[in-house]
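Have a look at the structure below before the remarks.
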Amino acid sequence: METYLATAVEIAREAGALIQQLSHRPHQIHYKRPSDIVTEVDRRSEELIVERLRSRFPKHGIVSEEGGGQKTPSEYCWYVDPLDGTTNFAHGFPVYCVTLGLAYNNEVIAGVVYDPTRDELFTAERGSGAYLNRQRIHVSKSATLSECLVATGFPPFMRDHELNIQLYYRFTRLTHGVRRAGSAALDLCSVAAGRFDGFWELKLNPWDKAAGSLLVTEAGGRVTDLAGGPFELLGREVFASNGLVHDEMMAVFNEAAPSPAPPGDAPVAVSD
Ligand code: IPD
Ligand code: CA
Ligand code: CA
């Protein structure tokens with residue numbers, strides 16, 4: 001396992017250095033969908049990461065955001081976001097990272113998130129704690145929502161009818177504030193490091209949350225879906241907190257959730 005993490009760290013640092021080296025140029029921006037952008041740097045970073053992973057672990061699967069990876073029959077699969085925070089990067093807003101998470105049968109066992117703008121390296125292995133630049137980190141101790149700083153994110157597509165704008169509004173009134181910094185992987189690391197007390201997002205992909213979700217649990221926090229059910233790497237939702245404010249945050253999600261559809265034509269149970 002040590003080899004997996006050490007290799008992932010080496011690769012994330014190399015990709016981060018490449019991103020920084022290319023960060024000052026004007027970028028070629030391509031639209032995957034309206035408002036969902038990708039730059040040439042995302043692709044260059046992905047090429048580097050996938051090439052390094054393939055040569056080190058030829059049997060492992062790789063799922064990477066820009067499509068350069070490939071699934072294999074192996075129980076091991078790397079979930080890679082070669083540049084999380086692309087929109088920030090493209091606009092010169094320095095909040096972005098490289099993230100690699102290794103899953104064994106869909107359970108994340110090792111993860112790295114590297115922020116090249118601050119030279120911050122977040123690492124975790126299942127059962128061995130969470131670290132920032134090799135120093136152990138822990139979630140915050142805030143026990144009530146009114147003393148919390150929380151964070152969320154919005155998908156770069158399908159923004160109409162977004163329930164999350166309701167949640168954003170509610171949490172803004174109930175907390176010290178809600179941050180939408182633009183990198184889900186770094187948001188999760190901020191929960192792990194006690195900088196944020198909670199984070200949720202409704203429509204993420206596995207590469208956004210693989211490494212960060214492990215960081216949070218290894219830092220003593222809790223990660224579930226929005227209803228408090230088990231976190232699913234391949235599901236869309238993530239809800240991470242320091243554990244202490246999990247139930248209070250969940251009550252806010254429940255209040256904002258659309259009420260269930262009326263029973264309609266469903267047969268009515270008759271009691272005798
Ligand atoms: C995005 C970021 C953002 C989140 C979006 C993601 P990308 O990833 O993580 O914070 O709100 O849902 O798609 O496109 O920058 O890799
Ligand atoms: Ca991402
Ligand atoms: Ca990305």
Side-chain angles (χ1 to χ4, degrees), residues 11-12 15-16 18-20 22-23 27-50 53 62-69 78-101 108 111-117 122 150-160 162-165 167-168 171 178-192 195-196 198-216 223 225-226 233-240:
I11 297 173
L18 175 70
I19 291 170
Q20 284 313 84
L22 301 175
S23 66
H27 302 297
Q28 297 156 20
I29 294 177
H30 300 278
Y31 285 83
K32 297 196 260 189
R33 283 169 285 209
S35 81
D36 188 4
I37 61 174
V38 61
T39 72
E40 83 290 358
V41 181
D42 298 62
R43 295 198 171 117
R44 293 272 304 270
S45 174
E46 180 171 277
E47 277 163 24
L48 183 153
I49 296 169
V50 170
L53 285 175
I62 305 172
V63 173
S64 185
E65 178 167 19
E66 309 311 334
W78 292 89
Y79 288 90
V80 176
D81 195 335
L83 207 177
D84 185 47
T86 296
T87 305
N88 290 343
F89 176 79
H91 288 266
F93 181 60
V95 178
Y96 49 82
C97 65
V98 176
T99 175
L100 289 83
V108 187
V112 176
V113 178
Y114 180 55
D115 171 355
T117 72
F122 296 88
V150 297
T152 189
F154 293 85
F157 58 95
M158 284 177 17
R159 285 173 171 161
D160 298 345
E162 179 59 82
L163 161 72
N164 207 23
I165 204 75
L167 293 173
Y168 193 101
F171 278 102
V178 184
R179 296 292 174 261
R180 191 284 188 255
S183 162
L186 286 177
D187 289 332
L188 286 162
C189 289
S190 288
V191 175
R195 296 169 178 176
F196 292 151
F199 166 71
W200 76 93
E201 194 161 337
L202 306 181
K203 291 175 190 150
L204 284 176
N205 286 298
W207 48 78
D208 299 308
K209 52 192 164 65
S213 58
L214 182 65
L215 257 296
V216 174
V223 183
D225 65 13
L226 257 69
L233 175 62
L234 304 183
R236 303 309 299 273
E237 294 178 359
V238 70
F239 167 31

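Each ligand, and each atom within it, is numbered from 1 in the order the structure gives. From a predicted model like this one, the values you see are computed outputs, not experimental measurements. Count residues from 1 along the sequence. Just the heavy atoms: all of them, side chains too, but no hydrogens, waters or symmetry mates, feed the values below.
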Which bit of [X] gets closer than 4.0 Å to ligand 1, counting heavy atoms only: side chain, backbone, both or neither?
X    : answer
L204 : side chain
P156 : side chain
L83  : backbone
Y96  : neither
A184 : both
D208 : side chain

### Query
Which of the atoms of ligand 1 are close to G85, meaning less than 4.0 Å from one of its heavy atoms?
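So the answer, numbered in order with elements, is 7 (P), 15 (O), 16 (O).
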Is there at least one pair of N or O atoms, one from [X] and one from ligand 1, spaced under 3.5 Å apart?
X    : result
S183 : yes
D187 : no
F154 : yes

Short side-chain donor-acceptor distance under 3.5 Å, [Y] and [X]:
X    : Y    : answer
D84  : W207 : no
T99  : D81  : no
D187 : S190 : no
N164 : T152 : yes

### Query
Which atom, counting only N, O or S, brings E65 closest to the Ca ion (ligand 3)?
OE1
### Query
Below 3.0 Å, any N, O or S contact between G85 and the Ca ion (ligand 3)?
no
### Query
Parallel, tilted or perpendicular: which fits the ring planes of Y168 and F154, with parallel below 30° and perpendicular above 60°?
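Tilted: the ring planes of Y168 and F154 meet at 30° to 60°.
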### Query
Knowing that exactly one of V108, I62, N205, L233 qualifies, which makes a side chain to side chain contact (heavy atoms under 4.5 Å, CB included) with Y79?
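Checked V108, I62, N205, L233 against Y79; only one passes side chain to side chain contact (heavy atoms under 4.5 Å, CB included): L233.
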### Task
Check D81 and report its N/O/S atom nearest to the Ca ion (ligand 2), by atom name.
OD2
### Query
Does a side-chain N-to-carboxylate-O contact under 4.0 Å join K32 and E65?
yes
### Query
Roughly how far, to the nearest 0.5 Å, is the CG atom of L83 from the CD1 atom of I19?
4.0 Å
### Task
If you have a sec, work out which protein heavy atom is nearest atom 12 (O) of ligand 1 and how many Å separate them, to one decimal?
E201 OE2, 2.6 Å
### Residue and atom name of the nearest protein heavy atom (relative to atom 10 (O) of ligand 1), distance in Å to one decimal
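I find the closest protein heavy atom is G182 C, 2.9 Å.
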### Message
Judged on heavy-atom distance to atom 2 (C) of ligand 1, which of L186, N205, D84 sits nearest?
### Response
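Considering heavy atoms of L186, N205, D84, the nearest to atom 2 (C) of ligand 1 sits in D84.
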### Message
Are there over 12 heavy-atom neighbours, none belonging to R44, within less than 6.0 Å of that residue's CZ?
### Response
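No.
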### Angular separation of OD1 (D84) and OD1 (D208) seen from the Ca ion (ligand 2), to 10°
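Angle OD1(D84)-the Ca ion (ligand 2)-OD1(D208): 110°, rounded to 10°.
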